[in-house]
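In what follows, a single structure is set out as C-alpha cells and then discussed.
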Amino acid sequence: MHVQDRPVATKAEKDTTPARYAVMGNPVAHSKSPVIHKQFAHQFGHNIEYAALWVDTDGFAEAVQQFRAEGGKGLNVTVPFKLEAFSLADNLSERAKLAGAVNTIRFEVDGKIFGDNTDGTGLVHDLTKNLNVHLRGRKILVLGAGGAVRGVLGPLLKQNPALLVIANRTVPKAKELAKTFAQFGKIEAVGYDELVGKRFDVVINGTSASLKGEMPPLPVNVFAGNAVAYDMMYGDKPTPFLEWAMLHGAETAADGLGMLVEQAAESYLLWRGVRPETRHVIAALRKG
Ligand code: ATR
C-alpha cells in the first residue's frame, strides 16, 4: 500500500498562485514565523507563501494597504506595530479589544480589515495543552505591565484562577491593568516588595527584562510546591528568570517558544479555518 506522508493539494490549489501571508515588524529578520507557517501549510497541503517583511516605523499603514492591494490574505503583526494595527482594523475580535492590540490581520472579501489577537490564547494553549499546567483554582503571578502582559490577561482570567497578581516596578501601570480586567476575575496589582511572603503556583514573566539579560527583582520563596515558571521570551539558552527559577524551587521552567507556535496556529486557524498540529513544529524548532 502506498502511504502518503502528507495530504495532497487539491487540483485547484495546484493550479493557482499561492495565498500570500506575511509578518510585518521592525526588526523582523530573525522571525521564526515563516518557518512555522510553512510547516503548518505542509500539514494540510495548502499552497501558501509567507514572508517576513521589514517595515519602516512610520510606514505601517501604507505597507498594509500595499500588501492587500497585491492580493495578500492576512498578516501577523509584531513589535512595534501591534497598537497601530489595532487602530487600523475596521472590526476587532473580543480578545483583540481586551488586549488593546492586534497581532493578526485578516483581509475580508469586502475589503475590510479584521483584527485579532492570538497571543493570550497561544500562551494558555502552551501552558494547558503542551505543559499540562492547570490554571483553574491556581494562584498566578504575572510579572510586568506592558503591552505583552495586557495581551494575555483576558485569556488567563478566563481559565478561572483563584487569584491573578500583577507585579510591576512601576506600580500604577499594574494598578491600571488590574482595574481594567477586574470584571473578568480576581486580580490584584502590587510592587515587587509586596511579594515577600507570598507564594504562587504559576509565575509568568511578561517583562522585557530577559531581552537585556536581566530579571525582575523577585523575592526568594515565591514558588509554591510544584510551581511552574514561564518566560514569554525565548532564546538559545534559558533566560535569567528561568535559570533563577530552577535554582529557587520551581518544578518546571518553560520559555515562550511554545507560545510563539501556538499563537501562530491560532492565526492560521483564523486565516484558513483549520488549526495545525503544533507539538512536532515546536520540537523541530527546538532542534534548530
Ligand atoms: P512590552 O510591550 O514588551 O510589554 P513595554 O510596554 O515596554 O514592552 O513593557 C516592558 C515591561 O517590562 C514593563 O512592565 C517594565 O516595567 P516598568 O513598567 O516598571 O518599566 C518591565 N521591565 C523591563 N525591564 C525590567 C527589569 N529589569 N525588571 C523588571 N521589570 C522590567
Side-chain angles (χ1 to χ4, degrees), residues 60 76-105 113-128 133 135-195 198 200-211 216-218 222 228 230-233 241 256 259-260 262-263 266-267 270:
F60 179 69
N76 282 130
V77 181
T78 187
V79 177
F81 300 121
K82 290 184 186 183
L83 296 181
E84 213 177 326
F86 180 86
S87 310
L88 208 61
D90 299 299
N91 297 306
L92 292 162
S93 67
E94 279 310 308
R95 57 191 184 182
K97 282 183 199 160
L98 268 182
V102 158
N103 80 331
T104 308
I105 279 174
I113 292 176
F114 181 74
D116 194 4
N117 191 312
T118 65
D119 287 330
T121 310
L123 170 65
V124 168
H125 250 273
D126 194 35
L127 281 166
T128 58
V133 177
L135 299 174
R136 192 188 178 83
R138 312 291 293 280
K139 284 190 180 158
I140 304 178
L141 172 62
V142 177
L143 311 174
V149 164
R150 189 188 166 112
V152 301
L153 290 178
L156 283 174
L157 286 169
K158 252 203 179 139
Q159 297 292 308
N160 286 317
L163 172 67
L164 191 157
V165 174
I166 311 171
N168 200 41
R169 287 183 311 198
T170 316
V171 181
K173 273 165 76 180
K175 297 254 185 243
E176 189 65 40
L177 275 185
K179 210 168 114 191
T180 306
F181 285 86
Q183 55 183 309
F184 303 106
K186 199 160 182 301
I187 184 164
E188 291 171 8
V190 298
Y192 285 101
D193 51 348
E194 293 170 79
L195 291 173
K198 298 195 173 119
F200 296 87
D201 304 303
V202 181
V203 181
I204 299 167
N205 184 15
T207 71
S208 53
S210 303
L211 284 177
L218 286 172
V222 74
V228 177
Y230 192 100
D231 201 320
M232 285 163 55
M233 301 265 167
F241 165 70
M259 175 180 173
L260 176 78
E262 295 298 341
Q263 64 78 29
E266 285 288 310
S267 297
L270 182 79

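No experiment lies behind these values; they were computed from the predicted model shown. Heavy atoms only: backbone and side chains are in, while hydrogens, waters and symmetry mates are out.
Qualifying salt bridge (Lys or Arg N to Asp or Glu O under 4.0 Å) partners for K198, counting only residues two or more places apart in sequence or in other chains: none. Taking E188 as the reference, K186 meet the salt bridge (Lys or Arg N to Asp or Glu O under 4.0 Å) condition, with sequence neighbours excluded. Every residue two or more places apart in sequence or in another chain that forms a side-chain contact (heavy atoms from CB on, under 4.5 Å) with V203 is listed here: L141, L143, F200, F223, F241. Here P217 pairs with Y192 under the side-chain contact (heavy atoms from CB on, under 4.5 Å) rule; sequence neighbours left out.
Smallest separation of non-hydrogen atoms from L83 and G100: CD2-O, 3.2 Å. In terms of heavy atoms, F181 sits closest to R150 at CZ-O, 3.8 Å. When every heavy atom of P155 is checked against every heavy atom of G151, the shortest pair comes out as CD-O, 4.1 Å. Nearest approach of I187 to A178, heavy atoms of both residues: CG2-O, 3.5 Å. Listed here is the closest heavy atom pair of S267 and T104: OG-OG1, 2.8 Å.
Atom-to-atom distance recorded for T118:OG1 and L123:CG is 11.5 Å, nearest 0.5 angstrom. Note: M233 CE to T207 OG1 = 7.0 Å, rounded to the nearest 0.5 Å. In this structure, the separation between CG on N103 and OG1 on T78 is 8.0 Å, given to the nearest 0.5 Å.
Counting only residues at least two apart or on different chains, the side chain to side chain donor-acceptor pair (under 3.5 Å) pairs with a member in residues 80-97 are K82-D119, S93-D116, E94-K97, R95-D116, R95-T121, R95-E266. Applying the salt bridge (charged side-chain N to carboxylate O under 4.0 Å, His left out) test to every pair with at least one member in residues 200-209, sequence neighbours left out, gives these pairs: R138-D201. Pairs engaging residues 80-102 under the ring-ring contact (aromatic ring centres under 6.0 Å, His included) rule: F60-F81 [sequence neighbours left out].
Listed for the N160 side chain is no donor-acceptor partner under 3.5 Å among the backbone atoms of R136. Q159 places no side-chain N or O within 3.5 Å of a backbone atom of L156 that could act as its donor or acceptor partner.
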Would you give me the side-chain donor-acceptor pairs under 3.5 Å for residues 161-173, sequence neighbours excluded?
residue : atom : partner : partner atom : Å
N168    : OD1  : A145    : N            : 3.4
N168    : ND2  : T170    : O            : 3.1

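Counting heavy atoms from C-beta on, the side chains of V102 and N117 never come closer than 4.5 Å. Under the 4.5 Å side-chain criterion, counting only non-hydrogen atoms from C-beta, I204 is in contact with L127.
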